[in-house]
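Below you'll find the structure, written out as structure tokens, and then a few comments.
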Amino acid sequence: MILAGGLSRRMQGHDKALVQLKGRPLLGHVLARLEPQVSELAVNFNGAPDRLSGLRLPVCPDTLPGHPGPLAGVLTAMDWAAGLGAERVFTVATDTPFLPGDFVPRLLLAAEDCEGPVLAASRDGQGALRAHPTCGLWPVTLRGPLRRALDDGQRRMMGWAEAQGACLAEFAAPGIDPFFNVNTPEDLARAEALLAGV
Ligand SMILES: Nc1nc2c(ncn2[C@@H]2O[C@H](COP(=O)(O)OP(=O)(O)OP(=O)(O)O)[C@@H](O)[C@H]2O)c(=O)[nH]1
């Protein structure tokens with residue numbers, strides 16, 4: 001599930017999922033990287049779904065509206081996966097155009113030793129390991145607990161994932177951080193420059 005249900009406040013009036021990066025919407029970059037790795041794909045998007053109609057993908061609005069934050073998108077992903085009879089679901093953020101080509105196999109490998117969620121992680125400029133909780137693999141059995149947590153006002157994605165026994169899967173980032181987030185027009189310009197050098 002590509003999480004694209006946020007408000008994009010930092011993108012100065014533009015929907016992050018649809019801003020153009022090197023001639024294609026940001027969401028299209030994530031889609032191109034994820035599509036070869038999975039058998040089913042959908043987009044979690046709030047707002048007018050016809051804006052995404054050109055994508056020919058299922059569009060899933062938040063199943064528990066009124067709960068701002070990406071955890072509501074994770075619940076929507078779990079609900080969608082449960083409907084498909086799946087035991088686990090991957091989420092990625094729509095603002096990560098450098099998503100790694102081994103995202104899915106790497107998380108599946110880490111899940112062999114982890115019963116909870118598996119979250120992607122990479123090292124920052126100082127060498128500290130940083131989790132990227134919007135990009136992870138989630139057991140669908142956490143659906144009920146997540147719904148209850150959201151009802152109780154839980155907003156903190158990392159805190160909730162840790163409480164469920166989350167593990168981290170580290171991705172090497174020798175050049176571009178594969179989980180570099182495009183949040184602002186400046187980030188978009190940086191991503192353009194990075195892509196020009198790829
Ligand atoms: N379903 C859903 N997804 C969200 C929500 N808020 C954020 N996300 C998603 O979570 C990921 C990270 O979002 P952020 O960058 O923290 O928030 P954002 O609302 O997209 O952007 P800002 O308003 O600039 O903070 C993105 O993929 C968002 O689409 C929400 O309320 N519901």
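Start at 1 with the first residue, then count along the sequence. Below, all heavy atoms of this structure are taken into account, side chains as well, without hydrogens, waters or symmetry copies. In this text the structure is predicted, and so the values were computed from the model without any measurement. Each ligand, and each atom within it, is numbered from 1 in the order the structure gives.
- The 4.0 Å heavy-atom shell around ligand 1 contains residues L3, A4, G5, G6, L7, S8, R9, R10, K16, N44, N46, D62, P68, G69, P70, G73, A93, T94, D95, T134, N183, ordered by chain and number.
- Judged as a side chain to side chain donor-acceptor pair (under 3.5 Å), and not counting sequence neighbours, the contacts of D187 are T184.
- Counted by atom type alone, S122 and H132 present one or more donor-acceptor pairs between their side chains at under 3.5 Å.
- Residues satisfying the side chain to side chain donor-acceptor pair (under 3.5 Å) test with R143, not counting sequence neighbours, are D79.
- A search for disulfide bond (SG atoms under 2.5 Å apart) contacts involving C167 returns C114, not counting sequence neighbours.
- Note: F171 and F179 meet the aromatic proximity criterion, with ring centroids under 6.0 Å apart.
- Geometrically, R190 engages F180 in a cation-pi contact, judged by NZ or CZ lying under 6.0 Å from the ring centre and within 45° of the ring axis.
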